[in-house]
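Residues take their numbers from the sequence shown, with the count starting at 1. Computed from a predicted model, the values in this text were never measured in an experiment.
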Amino acid sequence: MQQETATATAAGRRTMPPFRADHVGSLLRPPALLKAREDFAQGRIDADELRAVEDEAIREAVRMQEDVGLQSATDGEFRRASWHMDFIYQLDGISQEAGHIAVKFFNEQGTVEFTPAALHVDGKLGVSKTIFGDHFRFLQETVESAVPKLTIPSPSMVHYRGGKAAIDPDLYPDLDAFWADLTAAYREQVRRLGELGCRYLQFDDTSLAYMNDPHQREYVASIGGDPERQHVEYIHHINEALAGRPEGMRVTTHMCRGNFRSSWAAEGGYDFVAEALFNELEVDGFFMEWDDERSGGFEPLRLLPKGEKHVVLGLVTTKRGELESKDELKRRIEEASRYAPIEQLCLSPQCGFSSTVEGNVLSHDEQWAKLRLIVEVAQEVWG
């Protein structure tokens, strides 16, 4: 590792996202915030009282992110119940429906069934207001040293949650018109975020990892997609959504195989999507999970083009509290550097700690210990 570390040290500390030590976005909700959410749902407190609790929880989460040494900070997604649906339901033309498809998640104990709320495209797609704009402004005002980072679901997730069956055929008789309006809405959202001063934006997209799993490709076929080409179509639509993004805005994408109460939904290495992903998706960085054997090996990294694109290695799991060893993390970084230049690699957890309000099965202390570990290892590897 000495030779690799020397090479890495020359790469040095990054001054723009993604950073050598970074994280995906969501954090475990504090007990006081969970209680406030329940009180609000039961009518015991009003929206202003709930927001005051959220504000205080976010201030503390930002302070902790900066204290452990992270160069970026999120609001932990504390104002959301879900990493993606809270955003999607605020797009013009989309309404919420009762869920009717049970999604199977897996963990070491067995199977967990979860029926997420569904969506229906019943109006012209658009953006009337900057979604999460007030969330970002508060984060922007709260950070002291860290770069404020906003996470939103990619446009792919609107399609992946229901496919053609979720779209009113009278409004959008063909998918080309649907995609044209959806990506235009996203371009407007990105433009508005740029006006607010957002310089670190992340598109979360589980579909690009899911489609490495043959079972998920069967699902794509069932919703009217092309299982062999759907990932390429999604990549092109993400590029359309980012066309004309503000100068100076750094964009990353995060891809995992499901994260619900320490359970996952898909398996398989990145081989199926890697070539199109690395070479065609026009983002600055890829947050990718490699915390266990479900994610396959690092071989797909050989397809990462030399240059400015970075891969953030998700080697630290958020699904359990046991702390990884520094030596093992360094060994795995060295292994990854056999396939991609180490100066194009960074380190992070494999996913968020709380993609939904329920959170993963680990403690707050374990969460912060993992983030501190990532910062320390990154400093020792890259300098």
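With a 6.0 Å cutoff to the six-membered ring centre and a 45° limit on the axis angle, Lys149 does not count as a cation-pi contact of Phe132. A cation-pi geometry, defined here as NZ or CZ lying under 6.0 Å from the six-membered ring centre and within 45° of its normal, holds between Arg79 and Phe138.
The aromatic rings of Tyr234 and His159 sit perpendicular, their planes meeting at an angle over 60°, well past the 30° parallel limit. By the 30° and 60° cut-offs, the orientation of the rings of Tyr172 relative to Phe178 is perpendicular. Under the 30°/60° scheme for interplanar angles, the aromatic rings of His231 and Phe272 are found to be tilted.
Between the side chains of Ser207 and Asp205, at least one donor N or O lies within less than 3.5 Å of an accepting N or O. Between the side chains of Glu233 and His236, no donor N or O sits under 3.5 Å from an acceptor N or O. In this model, a donor atom of one side chain and an acceptor atom of the other lie less than 3.5 Å apart for Asp22 and Ser72. Residues Ser95 and Asp122 have side chains that bring a donor and an acceptor to within less than 3.5 angstrom of each other. Checking Arg80 against His135 by side-chain atom types alone, no donor-acceptor pair falls below 3.5 Å. Gln189 and Thr130 form no side-chain donor-acceptor contact under 3.5 Å, judged by distance and modelled atom types alone. When only modelled atom types and interatomic distance are considered, Asp204 and Gln202 share a side-chain donor-acceptor pair under 3.5 Å.
Leu139 and Phe353 end up in the same hydrophobic cluster when Ile, Leu, Val, Met, Phe, Trp and Tyr side chains are linked at under 4.5 Å. Linking Ile, Leu, Val, Met, Phe, Trp and Tyr whenever their side-chain heavy atoms come within less than 4.5 Å puts Leu150 and Trp83 in one cluster. No path of Ile, Leu, Val, Met, Phe, Trp and Tyr side chains, each step under 4.5 Å between heavy atoms, connects Ile58 with Val147, placing them in separate hydrophobic clusters. Note: the hydrophobic cluster containing Val143 does not contain Tyr200 (ILVMFWY, side chain heavy atoms under 4.5 Å, direct or indirect links). The cluster map of Ile, Leu, Val, Met, Phe, Trp and Tyr, joined by side-chain heavy atoms under 4.5 Å apart, puts Leu281 and Val311 in the same cluster.
Residues Leu301 and Leu313 form a side-chain contact, since some pair of their non-hydrogen atoms from C-beta on lies under 4.5 Å apart. Side-chain contact check for Ser26 versus Phe78: every heavy-atom pair is 4.5 Å or farther apart. Contact annotation: the side chain of His254 approaches that of Cys351 to within less than 4.5 Å [non-hydrogen atoms, C-beta and beyond]. A heavy-atom distance below 4.5 Å is not found between the side chains of Lys309 and Phe278. Side-chain contact between Leu28 and Leu362 is present, with heavy atoms from C-beta onward closer than 4.5 Å. Contact check for Leu277 versus Met255: side-chain heavy atoms found under the 4.5 Å cut-off. Looking only at side-chain heavy atoms (C-beta outward), Phe203 and Val283 stay at 4.5 Å or farther from each other. Counting heavy atoms from C-beta on, the side chains of Leu125 and Asp92 never come closer than 4.5 Å.
Leu119 approaches Ile94 most closely through the heavy-atom pair CB-CG2, 4.0 Å. Minimum interatomic distance between Ala241 and Val190 (heavy atoms only, all atoms of both residues): O-CG2, 4.1 Å. For the residue pair Leu303 and Ala274, the shortest heavy atom distance occurs at CD1-CB, 3.8 Å. Residues Pro18 and Arg14 come closest through the heavy atom pair O-NE, 2.6 Å. Closest non-hydrogen pair, His364 versus Pro31, comes out as NE2-CD, 4.1 Å. Among all heavy-atom pairs drawn from Val53 and Ala36, the shortest one is CG1-CB, 3.8 Å.
No donor-acceptor pair closer than 3.5 Å links the side chain of Trp382 to the backbone N or O of Cys346. For the pair Arg29 (side chain) and Ser354 (backbone), a donor-acceptor distance under 3.5 Å is present. Without hydrogens or angle criteria, Lys370 side chain to Thr317 main chain gives a donor-acceptor distance under 3.5 Å. No donor-acceptor distance shorter than 3.5 angstrom exists from the side chain of Lys330 to the backbone of Val381, with no hydrogens or angles considered. In terms of modelled atom types and a separation under 3.5 Å, the side chain of Tyr270 and the main chain of Glu289 share a donor-acceptor contact. At distances below 3.5 Å, at least one donor-acceptor pair connects side-chain atoms of Gln65 with backbone N or O atoms of Thr74. The backbone N or O of Ala177 lies less than 3.5 Å from a partner atom in the side chain of Asp174, making a donor-acceptor pair. Glu49 places a side-chain N or O within 3.5 Å of a backbone atom of Asp46 that can act as its donor or acceptor partner. Judged by distance alone, with hydrogens and angles left aside, the side-chain atoms of Trp290 form a donor-acceptor pair with the main-chain N or O of Gly297 at under 3.5 Å. Formation of a donor-acceptor pair under 3.5 Å by the Arg302 side chain with backbone atoms of Glu299 is found in this model.
Other residues, nucleotides and ligands contribute more than 12 heavy atoms inside 6.0 Å of the NZ atom of Lys326. Heavy atoms from other residues, nucleotides or ligands lying under 6.0 Å from CD of Glu275 number 12 at most. Counting heavy atoms of neighbouring residues, nucleotides and ligands inside a 6.0 Å radius, atom CZ of Arg44 exceeds 12 of them.
With respect to Asp291 and Lys319, no salt bridge is recorded, no charged nitrogen being found less than 4.0 Å from a carboxylate O. Ion pair Glu141/Arg137 not flagged as a salt bridge, since none of the NZ, NE, NH1 or NH2 atoms sits closer than 4.0 Å to an Asp/Glu carboxylate oxygen. Between Arg59 and Glu56, at least one side-chain N (NZ, or NE/NH1/NH2) sits under 4.0 Å from a carboxylate O, which counts as a salt bridge. With salt bridges taken as basic N to acidic carboxylate O contacts below 4.0 Å, none links Asp365 and Arg372.
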Worked verdict on Val316 versus Leu323 for side-chain contact (heavy atoms from CB on, under 4.5 Å): CA-CA 8 Å; Val316 173; Leu323 198 62; 5.9 Å; no
Stepwise ring pair (Phe, Tyr, Trp, His ring centres under 6.0 Å) test for Tyr186 and Phe87: CA-CA 11 Å; Tyr186 264 81; Phe87 178 95; 5.7 Å; yes
Chi angles and distances behind the side-chain contact (heavy atoms from CB on, under 4.5 Å) call for Arg250, Arg199: CA-CA 6 Å; Arg250 304 282 291 182; Arg199 292 296 176 265; over 6 Å; no
Full working for side-chain contact (heavy atoms from CB on, under 4.5 Å) between Thr252 and Val312: CA-CA 10 Å; Thr252 58; Val312 189; 5.9 Å; no
Worked verdict on Phe40 versus Lys35 for side-chain contact (heavy atoms from CB on, under 4.5 Å): CA-CA 9 Å; Phe40 177 72; Lys35 181 180 184 302; over 6 Å; no
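Between the CD atom of Glu308 and the CG atom of Asp284 there is a distance of 8.5 Å, given to the nearest 0.5 Å. Rounded to the nearest 0.5 Å, atoms CZ (Arg331) and CG (Leu315) are 10.0 Å apart. Here CD of Gln90 is found 11.5 Å from CE of Met85. Values are rounded to the nearest 0.5 Å. Atoms NE2 and OG1, on His23 and Thr151 in that order, are 9.5 Å from each other to the nearest 0.5 Å. Annotation: the span from Leu175 atom CG to Leu182 atom CG amounts to 11.0 Å, rounded to 0.5 Å. A distance of 12.0 Å separates SG of Cys256 from CE of Met288, quoted to the nearest 0.5 Å.
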